[in-house]
Amino acid sequence: QVQLAESGGGLVQAGDSLRLACEFSGNSFLANFMGWFRQVPGKGREYVAGLKRIDSNTYYADFAKGRFTISRDDAKDTLYLEIDNLKPEDTAVYLCAARAGATAATTPGYYTWWGQGTQVTVAS
């Protein structure tokens with residue numbers, strides 16, 4: 001099994017930047033594709049960005065291109081999501097997820113392992 005633990009969320013002002021972290025533990029070598037999703041109350045999980053372990057290629061949702069950056073530190077076994085120029089509409093719970101399959105996936109159902117999420121609230 002793979003355990004994921006997010007951190008780094010909080011209350012920020014519009015225009016600020018934030019870096020979220022997702023620490024992997026357990027059999028993290030099983031996670032060949034890793035992603036970030038976000039969710040607001042009453043809506044489903046929205047894909048933000050993903051990263052393929054074998055080549056570190058990254059994949060972004062259209063809305064995330066330009067302001068969001070996904071990265072990974074293998075030595076720390078940690079996945080990051082940096083968000084620049086935060087907007088109130090970025091307010092959501094941000095969740096880290098992983099899957100054994102190495103192909104990119106934007107649908108939540110393709111992911112096996114999930115963290116508990118970290119709340120990001122952007123004040124205008």
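Only this structure's heavy atoms are used, side chains among them; waters, hydrogens and symmetry mates stay out. Just so you know, residue 1 is the first one in the sequence shown, and it goes up from there.
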Seminar exercise, completed: Taken to the nearest 0.5 Å, the spacing of C22 SG from I70 CD1 works out to 9.5 Å
For this session: Check whether any side-chain heavy atom of K76 sits under 4.5 Å from a side-chain heavy atom of E23, and report yes or no.
Result: no
Seminar exercise, completed: Note: A92 and R38 closest approach over all heavy atoms is CB-CB, 3.9 Å
For this session: Might you confirm whether atom CD of Q39 has over 12 heavy atoms from other residues, nucleotides or ligands at distances under 6.0 Å?
Result: yes
Exercise. Would you say D84's side chain and S17's backbone share a donor-acceptor pair under 3.5 angstrom?
Worked result: no
Problem set entry | Taking every non-hydrogen atom, the tightest pair across A105 and F33 | N-CE2, 3.8 Å
For this session: Would you give the length of the straight line joining atom OG1 of T103 to atom OH of Y59, rounded to the nearest 0.5 angstrom?
Result: 9.0 Å
For this session: Can you measure from CG (L79) to OG (S71) and round to the nearest 0.5 angstrom?
Result: 7.0 Å
Problem set entry | Check: A75 main-chain N/O paired with D73 side-chain donor or acceptor under 3.5 Å | yes
For this session: Treating Ile, Leu, Val, Met, Phe, Trp and Tyr as nodes and any side-chain heavy-atom pair under 4.5 angstrom as an edge, say whether M34 and Y60 lie in one connected cluster.
Result: yes
For this session: Give a yes or no on whether the backbone of G117 and the side-chain of E6 come within a donor-acceptor separation of less than 3.5 Å.
Result: yes
For this session: Using the rule that two of Ile, Leu, Val, Met, Phe, Trp, Tyr join whenever any of their side-chain heavy atoms come within less than 4.5 Å, decide whether Y47 and V120 are in one cluster.
Result: no
For this session: Using ring pair (Phe, Tyr, Trp, His ring centres under 6.0 Å) as the criterion, list what pairs up with F68, not counting sequence neighbours.
Result: F63
For this session: Could you tell me whether the side chain of R72 and the main chain of S56 form a donor-acceptor pair under 3.5 Å?
Result: no
Exercise. CG/L51 to CD1/I54 distance, rounded to the nearest 0.5 angstrom?
Worked result: 12.0 Å
Problem set entry | Side chain proximity check, T91 to Q119, heavy atoms < 4.5 angstrom | yes
For this session: Calculate, to the nearest 0.5 Å, the distance between atoms OG1 and CG belonging to T118 and L18 respectively.
Result: 8.0 Å
Exercise. What are the two closest heavy atoms between D77 and S28, and how far apart are they?
Worked result: OD2-OG, 2.7 Å
Seminar exercise, completed: Closest non-hydrogen atoms of C96 and L4, given as atom of the first, atom of the second and distance, are O-CD1, 3.6 Å
Seminar exercise, completed: Smallest heavy-atom separation, W114 atom then P108 atom, equals CZ2-O, 3.5 Å
Problem set entry | Interatomic spacing from OG1 in T121 to CD in Q13 - rounded to 0.5 Å | 11.0 Å
Seminar exercise, completed: For G9 and L20 the tightest heavy-atom approach is N-CD2, 3.7 Å
Exercise. Should the ring pair Y111 and F37 be called parallel, tilted or perpendicular, given that the plane angle runs from 0 to 90° and is split at 30 and 60?
Worked result: perpendicular
Problem set entry | same_hphob_cluster(V122, V40) at 4.5 Å side-chain heavy-atom cutoff | no
Exercise. Should L95 and V2 be regarded as members of a common hydrophobic cluster, given that ILVMFWY residues are connected when their side-chain heavy atoms come within less than 4.5 Å of each other, either directly or indirectly?
Worked result: no
